[in-house]
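Notes follow once the structure below has been shown.
For the single chain, residues carry numbers from 1 onward in sequence order.
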Amino acid sequence: MLNIYLIVDPIINDDSTRGILRVPRCGTHMHSGSCLVQCFSLCRVGLHLLMSTVELKFSRFGFCLGPFLFLNSDSCCRCRLLRSYIHNCCPRGNLLDMVTSRFTRPKGSDGESSPNLYVANCGPAVGLSFDKIESVFSTFGNMRGVYPADESGTRVIVSYLEESSAQAALKALSGHPCKDLGGRVLHIRYSILRPASQVQVNDSVPVYLVASDLKIPGIYLVHDFITSKEEEKLLAAVDNRPWKRLAKRRVQHYGYEFLYETRNVDTKQYLGELPSFVLPILEKISSFPNFVAAGYDTLDQLTVNEYPHGAGLSPHIDTHSAFEGLIFSLSLAGPCIMEFRRYSQGTWLPPLTTSNDVTEEDNDHCSNFTRRIIFLPPRSMLLLSGEARYAWHHYIPHHKVDMVGDNIIRRNSRRVSFTFRKVRAGPCCCDYPQYCDSQR
Ligand SMILES: O=C(O)CCC(=O)C(=O)O
Ligand SMILES: [Fe+2]
């Protein structure tokens with residue numbers, strides 16, 4: 001048995017509900033083959049489970065535990081063993097779902113000063129190891145440690161002993177390229193430690209494969225809407241055309257230009273008919289019962305999005321006044337998951353931004369929402385209509401790895417989506433005025 005032991009996190013030892021497992025000789029994390037292993041926090045249930053079985057079970061794996069997300073190497077037998085162990089012994093299925101951070105980002109602009117910093121755009125998923133982050137931040141004062149803020153791998157909590165150290169680090173490092181961290185621009189806020197009572201134990205949201213399981217009226221998903229041959233042709237066609245580069249992805253617009261500054265189309269700038277390579281798709285779409293029922297004749301706007309592997313899209317509702325009620329999105333090349341959010345504060349709308357590929361950090365002002373998640377495989381066609389189109393935000397998390405049931409799906413390749421819409425001629429008169437820019 002390796003000398004694995006539990007250290008109660010010094011920052012949150014108020015109730016001992018969280019812990020960090022470390023291999024003492026390795027510090028907070030270590031590499032084991034191709035799997036990154038790092039410290040992690042657990043909710044009460046996870047911790048209890050782990051504690052009661054740690055002696056018995058973990059000796060088999062021979063290394064320390066990390067967030068499930070990073071245990072993603074199929075070639076590493078320890079990863080596979082550990083994954084199956086976690087699945088078998090967590091009654092709610094997925095350990096990752098139970099890892100809920102008690103550190104939050106302040107709601108206001110800067111928030112109250114604290115010794116803990118919430119640092120976005122920073123973490124193992126963007127190539128910055130915890131050691132590296134610690135070495136840079138430790139120049140500002142004595143540290144308690146660096147912790148994952150959530151499962152994304154792109155957000156961390158940097159915790160100091162003194163508030164003044166956090167202040168100095170925030171002042172020096174936030175908002176401009178940090179040359180010691182690969183030139184990345186870190187977005188830093190003070191972090192709030194939520195009382196234990198506010199921490200949800202079961203944060204688990206299943207990822208569905210079938211649209212009807214989402215129980216959101218108006219969502220349809222057709223698997224294998226096109227063949228692999230057709231997919232190849234579509235990809236070759238767009239790769240032959242010029243891409244427009246946004247911060248985190250590339251786009252092409254056909255029919256009408258979509259303006260990210262206003263989240264609307266420029267109806268004065270008609271770019272011409274949709275290209276001939278999408279005609280077979282349009283033909284198939286026109287046989288959707290919903291298409292016929294909605295009295296559509298044609299779709300006249302196409303946005304092609306190319307997401308590099310792991311890139312996502314911030315939560316948004318396609319502007320009501322810009323497009324009619326049916327939105328078709330064809331997934332190509334790589335898979336992703338799409339999350340739907342119904343915000344309880346209906347009036348909440350995302351702020352206007354220069355492009356809608358800002359991180360969810362910049363956009364996610366409201367934490368009170370219902371979530372549903374679906375897996376979008378390549379060649380599938382998603383249709384958003386009715387309530388799903390008008391009242392639910394859709395969102396592609398920035399993940400390199402998605403958990404779909406018991407499977408770890410790696411977003412190894414780029415994903416290309418073709419989103420077909422019809423530009424709206426007059427104002428929107430939908431039944432969801434609280435989400436409607438025409439009715440505000
Ligand atoms: O990539 C997708 O499937 C969705 C794209 C999207 O939501 C949009 O362009 O508004
Ligand atoms: Fe959208």
Side-chain angles (χ1 to χ4, degrees), residues 218 220 222 225-226 230-246 249-288 290-307 313 316-333 338 352-357 376 379-386 388-390 394 396 414-430 436-438:
Y220 303 87
V222 182
F225 187 76
I226 57 168
E230 288 170 314
E231 178 186 32
E232 259 173 50
K233 275 195 191 159
L234 289 171
L235 290 170
V238 286
D239 282 334
N240 259 329
R241 308 266 182 135
W243 290 97
K244 183 175 168 184
R245 193 168 283 283
L246 303 181
R249 64 185 201 282
R250 300 194 299 173
V251 293
Q252 295 180 16
H253 298 296
Y254 297 95
Y256 292 89
E257 181 85 14
F258 183 78
L259 305 174
Y260 293 97
E261 295 79 12
T262 56
R263 288 178 173 271
N264 215 313
V265 277
D266 183 355
T267 46
K268 288 191 209 79
Q269 255 195 63
Y270 182 53
L271 306 173
E273 294 200 343
L274 298 191
S276 56
F277 57 82
V278 297
L279 292 182
I281 312 299
L282 291 175
E283 187 69 24
K284 271 196 196 175
I285 287 178
S286 67
S287 59
F288 257 78
N290 319 56
F291 193 84
V292 180
Y296 273 47
D297 46 2
T298 184
L299 296 164
D300 54 10
Q301 202 276 336
L302 164 62
T303 297
V304 182
N305 281 293
E306 185 205 51
Y307 304 87
L313 190 66
H316 67 281
I317 296 179
D318 290 24
T319 310
H320 288 203
S321 65
F323 302 111
E324 297 275 358
L326 301 185
I327 295 174
F328 294 88
S329 201
L330 180 65
S331 293
L332 304 175
M338 186 174 273
L352 297 179
T353 53
T354 49
S355 84
N356 68 344
D357 60 358
L376 301 180
R379 298 180 294 285
S380 64
M381 176 66 93
L382 178 77
L383 166 59
L384 302 183
S385 65
R389 182 266 180 268
Y390 287 125
H394 49 282
I396 302 174
R414 66 172 175 165
R415 171 174 175 268
V416 177
S417 68
F418 282 47
T419 303
F420 296 91
R421 301 175 278 208
K422 183 169 164 58
V423 170
R424 194 182 279 283
C428 175
C429 339
C430 67
C436 182
D437 60 315
S438 290

For [Y], is there any backbone N or O sitting under 3.5 Å from a side-chain donor or acceptor partner on [X]?
X	Y	result
Lys422	Tyr296	no
Arg389	Asp318	yes
Ser438	Pro427	no

If every non-hydrogen atom of [X] is compared with every non-hydrogen atom of [Y], which pair is closest and at what distance?
X	Y	result
Ile317	Tyr390	CD1-O, 3.6 Å
Trp243	Asn305	CZ3-C, 4.5 Å
Gly255	Tyr270	O-CD1, 3.2 Å
Gln301	Val423	CB-CG2, 3.9 Å
Leu271	His253	CD1-O, 3.7 Å

In Å and rounded to the nearest 0.5 Å, what is the [atom1] to [atom2] distance from [X] to [Y]?
X	Y	atom1	atom2	value
Arg424	Thr319	CZ	OG1	11.0 Å
Glu231	Arg379	CD	CZ	4.5 Å
Phe288	Leu383	CZ	CG	5.5 Å
Arg249	Ser417	CZ	OG	8.0 Å
Phe420	Met381	CZ	CE	6.0 Å
Arg414	Asp239	CZ	CG	4.0 Å

For residues 272-283, which side-chain N or O atoms pair as donor and acceptor with protein atoms under 3.5 Å away, sequence neighbours left out?
none

Less than 4.5 Å apart, any side-chain heavy atom of [X] and any of [Y]?
X	Y	answer
Phe258	Arg263	yes
Gln269	Tyr256	no
Leu299	Phe291	yes
Arg421	Val265	no

Could you pull out all donor-acceptor pairs under 3.5 Å where a side-chain atom in residues 321-330 meets a protein atom, sequence neighbours excluded?
| from | atom 1 | to | atom 2 | distance (Å) |
| --- | --- | --- | --- | --- |
| Ser321 | OG | Asn264 | ND2 | 3.2 |
| Ser321 | OG | Asp437 | OD2 | 2.5 |
| Ser329 | OG | Thr419 | OG1 | 3.1 |

Checklist entry - Given the rule in the side-chain contact (heavy atoms from CB on, under 4.5 Å) test, do Arg241 and Val304 qualify, once you have shown the distances and angles that lead to the verdict? => result CA-CA 11 Å; Arg241 308 266 182 135; Val304 182; over 6 Å; no

Item to check | Ile226 and Leu332: CA distance, side-chain angles, deciding distance, side-chain contact (heavy atoms from CB on, under 4.5 Å) verdict | outcome: CA-CA 10 Å; Ile226 57 168; Leu332 304 175; 3.5 Å; yes

Checklist entry - Would Gln252 and Lys244 satisfy side-chain contact (heavy atoms from CB on, under 4.5 Å), going step by step from the backbone distance to the final call? => result CA-CA 6 Å; Gln252 295 180 16; Lys244 183 175 168 184; over 6 Å; no

Item to check | CA sep, side-chain torsions, deciding dist, call: Leu259, Glu257, side-chain contact (heavy atoms from CB on, under 4.5 Å) | outcome: CA-CA 6 Å; Leu259 305 174; Glu257 181 85 14; 3.8 Å; yes

